[in-house]
**Student:** 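So that we are looking at the same thing, I have put the structure below in structure tokens.
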Amino acid sequence: MTIGIVIIGRNEGERFQNCIRSLQGMSDRVVYVDSGSTDQSVSTAKDAGFQVETLPADRPFTAARARNAGYRRLVQKFPDTTFIQFMDGDCQLDAGWLKAGLEFLNNQPDVALAFGRRRERFPDASIYNAMCDLEWNTPIGERQECGGDCLVHRTAFDEAGGYRDDLIAGEEPEMCLRLREKGWRIWRLDAEMTLHDADLQRFSQWWKRSVRAGHAFAEVSWLHRNSPKRIWQRNVVRAVLWGAGLPTVTLVAGLFHSAFLLLFLLYPLQLVRLILRSIRAGHPAAIGCFELLGKFAELQGVLKYHWNRLLMRRTELIEYKK
């Protein structure tokens with residue numbers, strides 16, 4: 001069984017240097033796909049001996065487009081490749097991951113892809129990094145979706161047709177849905193996989209990331225609105241309910257009777273519930289606050305997607321590492 005690695009990146013700087021160092025001795029089949037970097041990423045990848053693919057700027061850059069391009073370059077250069085490890089340029093690969101992932105996939109022929117524990121490299125640097133680290137800590141076992149780092153069986157990837165190039169976010173869960181509809185399974189292993197460096201230091205970065213999540217919820221759920229698996233429909237409903245539905249209903253009803261304004265008390269009640277849940281789980285109380293606040297950012301993303309859909313135009317890439 002042969003394995004190749006596809007890395008995608010855009011202006012990752014020192015984070016990409018750390019990524020390269022983590023891959024030493026892992027595989028001689030590595031493709032780096034660059035999406036318009038203005039730093040030294042391309043030359044750095046070439047110096048490391050990687051195959052390098054630079055995406056032309058004739059259409060919008062997306063992670064999905066980059067991963068598909070990397071996959072095509074990989075199998076063109078190394079046609080006998082059986083498994084592909086996808087990862088982001090701001091991640092470091094754990095030394096034991098490929099062995100653990102390959103062993104599992106070889107013994108589970110109906111599993112399309114496996115992924116392990118992605119950790120934040122500096123979870124204590126900010127509350128935003130800490131929230132990312134919690135987000136990556138998904139339950140062990142069969143799952144419905146994965147993130148950007150995953151080990152994929154080539155047969156399954158080909159059968160699914162890869163990622164959707166046009167998605168600006170949410171391309172991994174969307175592909176996982178199509179794989180599951182074809183009878184494949186997705187699995188989270190109890191193994192270390194990657195170290196991720198989100199480098200989220202400002203509220204504005206977290207907000208943009210949450211807006212991007214809302215956009216992904218809206219777009220992917222709309223694309224698969226007729227699927228019985230109902231991907232991310234609850235996420236959209238929650239964003240609309242807490243971000244706009246409850247305030248609108250309360251204000252309109254309050255015009256008829258002031259008692260309806262008491263519905264606004266649902267917000268502090270929900271906030272207390274989320275804070276207590278966070279504390280019981282051993283997490284900072286602030287995470288409960290951000291969980292509720294995030295619904296307003298997600299609503300912005302939901303509205304952004306559907307507004308652009310009605311106008312028949314594409315949403316530009318939502319970048320938060322600026």
Side-chain angles (χ1 to χ4, degrees), residues 60-68 86 112-113 115 118 131-132 134-136 138-139 142-150 152 156-157 159-188 206-249 270 274 290-320:
F61 296 126
T62 67
R65 179 188 170 199
R67 291 192 180 102
N68 285 338
F86 289 100
L113 64 85
F115 64 106
R118 182 195 240 201
M131 287 189 286
C132 283
L134 292 175
E135 180 183 329
W136 310 142
T138 57
E142 187 169 3
R143 309 301 302 157
Q144 295 185 353
E145 59 193 53
C146 71
D149 305 332
C150 59
V152 186
F157 190 84
E159 187 175 335
Y163 299 96
R164 284 186 61 114
D165 273 6
D166 57 344
L167 292 179
I168 67 170
E171 68 279 357
E172 308 96 340
E174 193 277 334
M175 184 180 73
C176 287
L177 172 65
R178 289 184 282 115
L179 285 167
R180 289 187 291 118
E181 289 179 336
K182 292 179 180 296
W184 291 95
R185 294 194 294 166
I186 314 299
W187 213 272
R188 155 74 151 95
W206 170 81
W207 184 271
K208 285 182 180 179
R209 188 174 185 271
S210 299
V211 171
R212 191 184 70 162
H215 189 282
F217 294 154
E219 184 168 20
V220 173
S221 64
W222 180 259
L223 286 171
H224 296 280
R225 58 191 178 279
N226 296 322
S227 170
K229 297 188 183 300
R230 304 174 67 84
I231 183 172
W232 281 348
Q233 290 184 13
R234 288 185 178 179
N235 301 72
V236 173
V237 169
R238 291 190 187 109
V240 173
L241 173 64
W242 290 103
L246 180 57
T248 301
V249 169
Q270 174 72 344
L274 294 175
F290 280 105
E291 190 173 349
L292 180 58
L293 184 60
K295 294 297 178 285
F296 294 92
E298 290 171 9
L299 174 67
Q300 183 179 334
V302 170
L303 296 177
K304 188 180 187 72
Y305 167 69
H306 284 294
W307 177 251
N308 285 330
R309 179 180 63 81
L310 292 173
L311 295 179
M312 293 184 290
R313 66 186 184 191
R314 295 295 307 167
T315 304
E316 295 181 358
L317 191 65
I318 302 174
E319 296 185 275
Y320 58 88

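As the structure is a computational prediction, the values presented were derived from the model and not from experiment.
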**Student:** Going by the side-chain contact (heavy atoms from CB on, under 4.5 Å) test, name the single residue among Tyr163, Phe115, Phe86 that passes it with Glu172.
**Tutor:**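 Among Tyr163, Phe115, Phe86, the one that satisfies the side-chain contact (heavy atoms from CB on, under 4.5 Å) with Glu172 is Tyr163.
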
**Student:** For the side chain of Arg178 and the backbone of Ala160, is there at least one donor-acceptor N/O pair under 3.5 Å apart?
**Tutor:**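 Checking the backbone N and O of Ala160 against the side chain of Arg178, a donor-acceptor pair under 3.5 Å is found.
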
**Student:** List, one per line, each side-chain donor-acceptor pair under 3.5 Å for residues 294-307, sequence neighbours excluded.
**Tutor:**
from	atom 1	to	atom 2	distance (Å)
Gln300	OE1	Trp207	NE1	3.0
His306	ND1	Arg309	NE	3.2
His306	ND1	Arg309	NH2	3.3

**Student:** Drop me the distance from Tyr320's OH to Lys208's NZ, to the nearest 0.5 angstrom.
**Tutor:**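 Interatomic distance, Tyr320 OH to Lys208 NZ, rounded to 0.5 Å: 12.0 Å.
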
**Student:** Is a side-chain donor or acceptor of Arg314 paired with a backbone partner of Asp166 at a separation under 3.5 angstrom?
**Tutor:**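 Yes, because the side chain of Arg314 sits within donor-acceptor range (under 3.5 Å) of the backbone of Asp166.
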
**Student:** Table please: side-chain donor-acceptor pairs of residues 229-248 below 3.5 Å, with sequence neighbours left out.
**Tutor:**
from	atom 1	to	atom 2	distance (Å)
Arg230	NH2	Gln233	OE1	3.0
Thr248	OG1	Ala244	O	2.7

**Student:** Are Ser227 and Glu181 linked by a side-chain donor-acceptor pair shorter than 3.5 Å?
**Tutor:**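 Glu181 and Ser227 do have a side-chain donor-acceptor pair below 3.5 Å.
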
**Student:** If you look only at distance, which donor and acceptor atoms sit under 3.5 Å apart when one is on a side chain in residues 209-217 and the other is two or more places apart or in another chain?
**Tutor:**
from	atom 1	to	atom 2	distance (Å)
Arg209	NH1	Glu135	OE1	3.0
Arg209	NH2	Glu135	OE1	3.3
Arg209	NH2	Glu135	OE2	3.3
Ser210	OG	Trp206	O	3.1
His215	NE2	Thr315	OG1	2.9

**Student:** Which atom names give the shortest non-hydrogen contact between Cys176 and Gln144, and what distance separates them?
**Tutor:**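 Reported closest heavy-atom pair: CB-O, 3.4 Å.
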
**Student:** Any heavy-atom pair between the side chains of His224 and Glu174 that's under 4.5 Å?
**Tutor:**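 In contact.
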
**Student:** Under 3.5 Å, is there a donor-acceptor pair between the side chain of Arg180 and the main chain of Ile186?
**Tutor:**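 No.
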
**Student:** Could you go step by step and tell me if Phe290 and Leu274 meet the side chain to side chain contact (heavy atoms under 4.5 Å, CB included) rule?
**Tutor:** CA-CA 9 Å; Phe290 280 105; Leu274 294 175; over 6 Å; no

**Student:** Any side-chain to backbone donor/acceptor pair from Arg65 onto Pro60? Under 3.5 Å, distance only.
**Tutor:**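 Such a contact is found between Arg65 side chain and Pro60 backbone.
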
**Student:** Do Val220 and Leu177 have side chains that get closer than 4.5 Å, going by heavy atoms?
**Tutor:**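 Answer no - side chains too far apart.
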
**Student:** Can you give me the closest heavy-atom contact between Leu113 and Cys150, atom names plus distance?
**Tutor:**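 In terms of heavy atoms, the two residues are closest at CD1-CB, 4.1 Å.
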
**Student:** With a 3.5 Å distance limit and no angle check, can you tell me whether Arg188 reaches the backbone of Thr138 through a side-chain donor-acceptor pair?
**Tutor:**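 Yes; at least one donor-acceptor contact below 3.5 Å.
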
**Student:** Rounded to the nearest 0.5 Å, what's the gap from CG on Asn68 to CZ on Arg164? Could you check?
**Tutor:**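 Here the interatomic distance stands at 11.0 Å.
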
